[in-house]
Amino acid sequence: MSHDIIKEAKRCYQCKSPKCRNACPIATDIPGFIHDFLEGNIEDAGKKIFENNPLSIICSMVCPHENQCEGSCIRGIKEDPVRISSIENYISSYFLNRTSPESPKLNKGRIAVIGSGPAGLTAAFYLVSKGYRITLFEAQDRIGGFLRYGIPEFRLSKSILDQIAARLTALGVKIRPNTLIGPVITIDTLFDDGYDAVFIATGVWRPNVLRIKGESLGHVHYAIDYLRSPQAYQLGNRVCVIGGGNSAMDVARTALRNGARDVQILYRRDRESMPARDTEVELARIDGVKFQFFTSPVEILDDGIRCVKNHLVNGNLEVIPDSEFMLPADAVIIAASQGPRKNIVSTTEGIEINDRGLLITDRGGMTTREGVFASGDVVTGAKNVVEAVKMARDVAESISEYVEKKRAKIDE
Ligand SMILES: Cc1cc2nc3c(=O)[nH]c(=O)nc-3n(C[C@H](O)[C@H](O)[C@H](O)COP(=O)(O)OP(=O)(O)OC[C@H]3O[C@@H](n4cnc5c(N)ncnc54)[C@H](O)[C@@H]3O)c2cc1C
């Protein structure tokens, strides 16, 4: 493994104007960390990566590299691209395991971070390192958001999240698990208690419904509910998953690993139109998942799904007349993405949302209420880890500027 990493690192051309870096949403200095690594400065390489992206170890495992750094590597034109993700993973894992953070002096102000997914974790790292007292509020019992309760263990080991939690605690971040902000503690409570700013990173945790008959039946579930604790479900042998995104692939592969014998994915268009990563679709196929393309559910019944077949007519999706058929299923799981919940906006005045329920923010990430900032999926809608990290990093900078100005005014 380590030998392969060195071989891969040596394949990097050290381009002067690196396309890999330009294609990385968070502009990771790829040639820079590969250079440090080959020079024997793995700790410097790790520090460089971590300071730019505290969740680099996670990004090295779950980013769609084929569309980003690796997809842009010059080597990839004629041969395989450099396996940047594996090198980044090796260095990031070394850095997390071998280094302990120095505790900063926490004397700059108090900030509440709500939600401990990628956006909340990133903001907590940045702001505590700058000297702010951070309380990280999390509705679930453990930190991580969809990293823990969405992406399955076989793709992302949850022990990494425990390491991240330990690092945050060592830096002085106070983590309050099992605390849903909104119903009991509100944004107003936080300001009353002396927080200088609030950062909302609550993600999108309300499953989208299909609006077909049968969605409330006992054998029908939503993807994010199922993925939170698959062992709590008795799905039976035949499972149908409705949807074509990464969550649908995760559900199907998880169901197979938890005893289902026949798992089918229903998708209304063709394979090429699926929003899931090609790699994820391919892995699902290799795991044994079967696909029903150009298929739409019409009604969920006790013994399966009433479906119709579609086809394209002048580029438009149309139902094929008389194409109705029954797909037998013991359980049906709907993976049709998610929208935001309203625990905070329904208990706070002045925070405006758009027509999708997402928080409206200005360029610096401030919501329509002074001192309340937001980023991640709750602002953009369901996206991905690296974008949540990038946005949270930028917004953390604005929060710091805001609090500094606010405190300077008070001191005047
Ligand atoms: C099944 C699945 C697979 C995915 N696979 C990938 C992948 O392979 N690669 C990739 O890049 N992205 C993937 N994503 C998307 C990625 O996980 C999200 O884009 C990312 O987690 C969003 O980060 P976030 O911090 O905005 O929100 P989240 O990760 O959703 O975290 C929000 C956190 O806020 C907490 N919370 C919510 N409301 C409150 C409240 N009122 N009070 C306190 N806490 C609250 C939640 O419990 C949660 O912990 C996947 C998503 C899913 C669902």
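Nothing here was measured: the structure is a model prediction, and the numbers come from that model. Worth knowing before you read on, the calculation uses all heavy atoms, side chains too, and leaves out hydrogens, waters and symmetry mates. For ligands, and for the atoms within them, numbers begin at 1 and follow the listed sequence.
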Query raised in the report: Near A201, which atoms of ligand 1 are under 4.0 Å from a heavy atom of that residue?
Result: 32 (C), 33 (C), 34 (O)
Query raised in the report: At what distance is the nearest protein heavy atom to atom 46 (C) of ligand 1, and which residue and atom is it?
Result: E138 OE2, 3.4 Å
Query raised in the report: Counting from 1, what ligand 1 atoms have a heavy atom of Q140 closer than 4.0 Å?
Result: 47 (O)
Query - Geometric class of the W205/F146 ring pair [parallel <30°, tilted 30-60°, perpendicular >60°] - result: parallel
Query raised in the report: Under 6.0 Å from the CZ atom of R206, do we count more than 12 heavy atoms belonging to anything else shown?
Result: yes
Query raised in the report: Which is closest to atom 22 (C) of ligand 1 by heavy-atom distance: D377, L136, T122, L147?
Result: D377
Report task. Ignoring hydrogens and angles, tell me if any N or O in the side chain of T367 forms a donor-acceptor pair with the backbone of V372 under 3.5 Å. Result -> yes
**Report entry** Whether D330 side chain and R238 backbone form a donor-acceptor pair below 3.5 Å
**Finding:** yes
Query raised in the report: What protein heavy atom sits nearest atom 15 (C) of ligand 1, and how far off is it?
Result: K383 O, 3.5 Å
Report task. Carefully, step by step, assess D36 and I42 under the rule side chain to side chain contact (heavy atoms under 4.5 Å, CB included). Result -> CA-CA 6 Å; D36 286 350; I42 188 166; over 6 Å; no
Query raised in the report: Under 3.5 Å between some N or O of ligand 1 and some N or O of V385?
Result: yes
Query - Residue S247 vicinity, atoms of ligand 1 by number, heavy atom under 4.0 Å - result: 1 (C), 2 (C), 52 (C), 53 (C)
Query raised in the report: If you measure every N/O of S375 against every N/O of ligand 1, is any gap under 3.5 Å?
Result: no
Requested in this report: Could you find the nearest protein heavy atom to atom 44 (N) of ligand 1 and give me its residue, atom name and distance?
Outcome: A139 N, 3.1 Å
**Report entry** Short side-chain to backbone donor-acceptor contact, D141 and N178, under 3.5 Å
**Finding:** no
Requested in this report: Between C59, G144, A119, flag the one that comes closest to atom 25 (O) of ligand 1 by a heavy atom.
Outcome: A119
Query raised in the report: Taking only residues two or more places apart in sequence or in another chain, which ones pass side-chain contact (heavy atoms from CB on, under 4.5 Å) with R285?
Result: E282, F291
Query - Single hit among T186, D192, I187 for side-chain contact (heavy atoms from CB on, under 4.5 Å) with T189 - result: T186
Query raised in the report: Among protein heavy atoms, which sits nearest to atom 1 (C) of ligand 1, and what does the distance come to when rounded to 0.1 Å?
Result: L227 CD1, 3.3 Å
Report summary line: Residue, atom and distance of the protein heavy atom nearest atom 39 (C) of ligand 1 read T202 CG2, 3.4 Å
Report summary line: At under 4.0 Å between heavy atoms, what of N384 touches ligand 1? The answer is both
Query raised in the report: Of all residues at least two apart in sequence or in a different chain, which pass the side-chain hydrogen bond (donor to acceptor under 3.5 Å, both in side chains) check with D188?
Result: R369
Query raised in the report: Starting from atom 29 (O) of ligand 1, which protein heavy atom do you reach first, and at what distance in Å?
Result: F146 N, 3.0 Å
Requested in this report: With heavy atoms of T179 as the reference, note each atom of ligand 1 found under 4.0 Å away.
Outcome: 42 (N), 43 (C)
Query raised in the report: Where the closest heavy atom to atom 21 (O) of ligand 1 is concerned, which of A388, P118, G145, G117 has it?
Result: P118
Query raised in the report: Taking N or O atoms only and a 3.5 Å limit, does D250 qualify as a polar contact for ligand 1?
Result: no
Query - Protein heavy atom at shortest distance from atom 27 (O) of ligand 1 - result: G203 CA, 3.5 Å
Requested in this report: Without swapping roles, check the side chain of T368 against the backbone of E352 for a donor-acceptor pair under 3.5 Å.
Outcome: yes
Query raised in the report: Considering only protein heavy atoms, which is closest to atom 50 (C) of ligand 1, and at what distance to one decimal place?
Result: I151 CG1, 4.2 Å
Query raised in the report: Just wondering, are more than 12 heavy atoms of other shown residues or ligands nearer than 6.0 Å to CD in Q231?
Result: yes
